[in-house]
S.K.: 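First the structure, which I've put down as structure tokens, then a few questions once you've had a look.
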2 protein chains.
Amino acid sequence: MGAMSNVERAVSALRQMIFAGELPPGSDHLESELAEQLGMSRTPVREAALMLQAQGLVEMRPRRGIRISPVSATDMAEIYDILTELESLAAARAAQAQYSKSDLATLATAIRDMDAALAADDLRAWAEADDRFHRELVRLGRNARLSMVVSVMRDQVRRARATTLFMRPKPKQSNEDHRIVYQAIARGDVQTAHDTHHAHRQAARDMLVALLEKHQFHGL
Amino acid sequence: MGAMSNVERAVSALRQMIFAGELPPGSDHLESELAEQLGMSRTPVREAALMLQAQGLVEMRPRRGIRISPVSATDMAEIYDILTELESLAAARAAQAQYSKSDLATLATAIRDMDAALAADDLRAWAEADDRFHRELVRLGRNARLSMVVSVMRDQVRRARATTLFMRPKPKQSNEDHRIVYQAIARGDVQTAHDTHHAHRQAARDMLVALLEKHQFHGL
DNA sequence: GTATATGTTTATGTATACATTAATGTATGA
DNA sequence: TCATACATTAATGTATACATAAACATATAC
């Protein structure tokens, strides 16, 4: 029925704990501890940790336990550089694909939700809709591997957001950019879709890196 | 001494077998079979398979065994699209970094080796030097995550090369491109480095995809 | 002959036991 | 006091045993 293996349970539980900050960046955890917490044996925990390690969320170090990977300003710069290139390509491909208005409904909804969240000053809701927009954008680019890579990178960004979301300036220009990208895709303007999104992500990168550097989240 | 775990041994053995074609694309293998072949228990084989799965080399399907991932023309298009963007970024960053001639020695050597291999009509040697060039280029871009992603993608390309290397036209333009990229990096010409490499990879993509499509390597 | 239900097989998912080995603590000597 | 060698500890790496559940085959009904 609820055909979900313990490994899957462990993966999503650990992810949740990491994103919630319950397992703080840089902290170490024994396989046996985590296994007990999750009510299962070490085996599925180990396998889950291997998967999360492949996604850069944890590092398994011999005899030191499972370390929750820290995210430094440098890391964030690396990640955003990758996101910038790959998402821009996805935007270009989406524009090339000649999608109909109804194909783009999810994008449009996300944009409206961001507007609403911003008007209501609800940053959490904004971040959620922003995620939704970017995920859908990449999906429209129709490259399964690219989607995978981007989603792994976005996971790592998400972890820093607890820190950055309430320190960064209100994302006003951001919504403007999204709208331009959306319209470019709708009318098949490949260049504009690509370049606008590229600039959008690059701006976000510079802002976030500066923020993290300023607040000395270097090794955290 | 030779501190190498069975998991590591399993990973490199399986990689070798996959690249050598000993485990053909699309074939299925039981954990227990592989374990016996490698002279170890299922546990390290399973862990190795999980890692290779994260890199897209195999797929673990419940009760069907470990499947060696096939690489179709569509897959190749996806992979090259990613390689194109990320390697071009690396080229741009390398040009930005103002490397000295001696920093670029490895690149230069790779180019010379490609020339020599081409003159001697030794395609294997050419492919090896070509790999070396691209690996070094990415390294010079100084983005650890990007290097990782690119290396995973390149592994998948390598698997198709057994098929494509001797069917494709002689890589003559290729060497020309490499030289232009090298010179652009050496003089700090970011735009040329980026654009030339971008076009270089895109041309390779189109050629390879056409080749694979023609020879109906769709599901293989 | 087809389709459904039932039984059998068997590969995997998980738990557990054990071997290995790195890290820590202790003692000895200078 | 400090350094080195040794013993101890304990976490991981690996093997193994077993429960589970999917795939296959068989049989039965229509």
Side-chain angles (χ1 to χ4, degrees), chain A residues 1-18 22-70 148 152 219, chain B residues 1-18 22-70 148 219-220:
Chain A
M1 276 268 147
M4 198 181 181
S5 72
N6 275 357
V7 177
E8 293 173 292
R9 257 188 292 278
V11 167
S12 57
L14 290 175
R15 281 176 57 93
Q16 196 153 11
M17 288 160 85
I18 290 172
E22 197 173 333
L23 301 177
S27 62
D28 292 321
H29 307 271
L30 298 182
E31 294 176 5
S32 39
E33 286 175 19
L34 294 175
E36 195 176 13
Q37 272 187 60
L38 301 178
M40 57 184 77
S41 82
R42 275 177 52 216
T43 308
V45 171
R46 244 181 102 78
E47 298 196 357
L50 279 171
M51 295 187 186
L52 296 177
Q53 174 169 254
Q55 300 174 8
L57 289 180
V58 308
E59 296 154 46
M60 296 175 77
R61 306 190 312 172
R63 332 236 142 235
R64 307 215 131 184
I66 295 165
R67 158 158 297 187
I68 311 304
S69 302
M148 190 82 61
V152 167
Chain B
M1 275 260 145
M4 198 182 180
S5 72
N6 275 356
V7 177
E8 293 172 293
R9 258 189 290 278
V11 166
S12 58
L14 290 175
R15 280 176 58 93
Q16 196 152 11
M17 290 161 86
I18 291 172
E22 199 174 331
L23 300 177
S27 62
D28 291 320
H29 307 272
L30 298 184
E31 294 176 5
S32 39
E33 286 175 18
L34 294 175
E36 195 175 14
Q37 271 186 63
L38 301 178
M40 56 184 76
S41 81
R42 275 177 52 217
T43 309
V45 172
R46 245 182 100 79
E47 297 195 357
L50 280 171
M51 294 186 186
L52 295 176
Q53 175 169 254
Q55 300 174 10
L57 289 179
V58 308
E59 296 154 46
M60 297 175 77
R61 306 190 310 171
R63 325 236 146 236
R64 307 213 131 184
I66 294 166
R67 157 158 298 187
I68 311 303
S69 303
M148 189 83 60
L220 251 196

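By convention in this document, chain letters (A, B, ...) are assigned in the order of the sequence lines, proteins followed by strands, and residues within each chain are numbered from 1. Values below: every heavy atom of this structure, side chains too, minus hydrogens, waters and symmetry copies.
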S.K.: Report the C-alpha separation of B/V58 and B/H29 in whole Å, then their side-chain angles, then the decisive distance to 0.1 Å, and conclude whether the side-chain contact (heavy atoms from CB on, under 4.5 Å) test is met.
M.R.: CA-CA 10 Å; B/V58 308; B/H29 307 272; over 6 Å; no
S.K.: Would you mind reading off the distance between B/E47 atom CD and C/dT14 atom C1', rounded to a whole angstrom?
M.R.: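 That distance rounds to 13 Å.
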S.K.: Without decimals, in angstroms, what is the distance between A/E31 CD and C/dA15 C1'?
M.R.: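 Value for this atom pair: 14 Å.
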S.K.: Contact class for A/M40 (heavy atom, under 4.0 Å): base, sugar-phosphate, or nothing?
M.R.: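 Answer is sugar-phosphate: A/M40 comes under 4.0 Å of backbone atoms only.
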S.K.: Expressed as a whole number of angstroms, how long is the span from B/H29:NE2 to C/dT12:P?
M.R.: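 My rounded result for the distance is 12 Å.
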S.K.: Can you tell me how far apart CD (A/Q55) and OG (A/S69) are? Round to the nearest 0.5 Å.
M.R.: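 So the gap between those two atoms works out to 11.0 Å.
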S.K.: Within the pair B/R46 and C/dG13, is there a side-chain N or O less than 4.0 Å away from OP1 or OP2?
M.R.: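 Checking C/dG13 against B/R46, a side-chain N or O does come within under 4.0 Å of OP1 or OP2.
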S.K.: Between the base of C/dG13 and the side chain of B/R42, is one N or O donor paired with an acceptor at under 3.5 angstrom?
M.R.: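 Checked by distance alone, the answer is yes.
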S.K.: Can you check whether any acceptor in the base of C/dA15 is under 3.5 Å from a donor in the side chain of A/T43, or vice versa?
M.R.: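 Yes, a donor-acceptor pair under 3.5 Å.
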S.K.: Keeping A/R9 on the side-chain end and A/M4 on the backbone end, is there a donor-acceptor pair under 3.5 Å?
M.R.: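 Judged by distance alone, yes, a pair lies under 3.5 Å.
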S.K.: Is the phosphate of C/dA15, meaning OP1 or OP2, less than 4.0 Å from a side-chain N or O of A/S41?
M.R.: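 Yes, A/S41 has a side-chain N/O under 4.0 Å of OP1/OP2 on C/dA15.
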S.K.: Please report the distance, rounded to the nearest Å, between CG in B/L50 and C1' in C/dT14.
M.R.: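 The answer, rounded to whole Å, is 14 Å.
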S.K.: Measure the spacing between CE of B/M60 and CG of B/L52 and express it to the nearest 0.5 Å.
M.R.: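 Here the interatomic distance stands at 9.5 Å.
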S.K.: Confirm from the modelled atom types if A/R63 and D/dA11 form a donor-acceptor pair under 3.5 Å, side chain to base only.
M.R.: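 Such a pair exists between side chain and base.
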S.K.: For B/D28 and C/dA11, give me the distance from atom CG to atom P, rounded to whole Å.
M.R.: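 The answer, rounded to whole Å, is 12 Å.
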S.K.: When the distance from CZ of A/R9 to C1' of C/dT14 is rounded to whole Å, what number comes out?
M.R.: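 My rounded result for the distance is 11 Å.
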S.K.: Rounding to an integer number of Å, can you tell me how far A/E8 CD sits from C/dT14 C1'?
M.R.: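 That distance rounds to 14 Å.
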S.K.: How many angstroms lie between atom CG of B/L57 and atom CD1 of B/I66, to the nearest 0.5 angstrom?
M.R.: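 Interatomic distance, B/L57 CG to B/I66 CD1, rounded to 0.5 Å: 12.5 Å.
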S.K.: Without decimals, in angstroms, what is the distance between B/N6 CG and D/dT16 P?
M.R.: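 To the nearest whole Å, that distance equals 12 Å.
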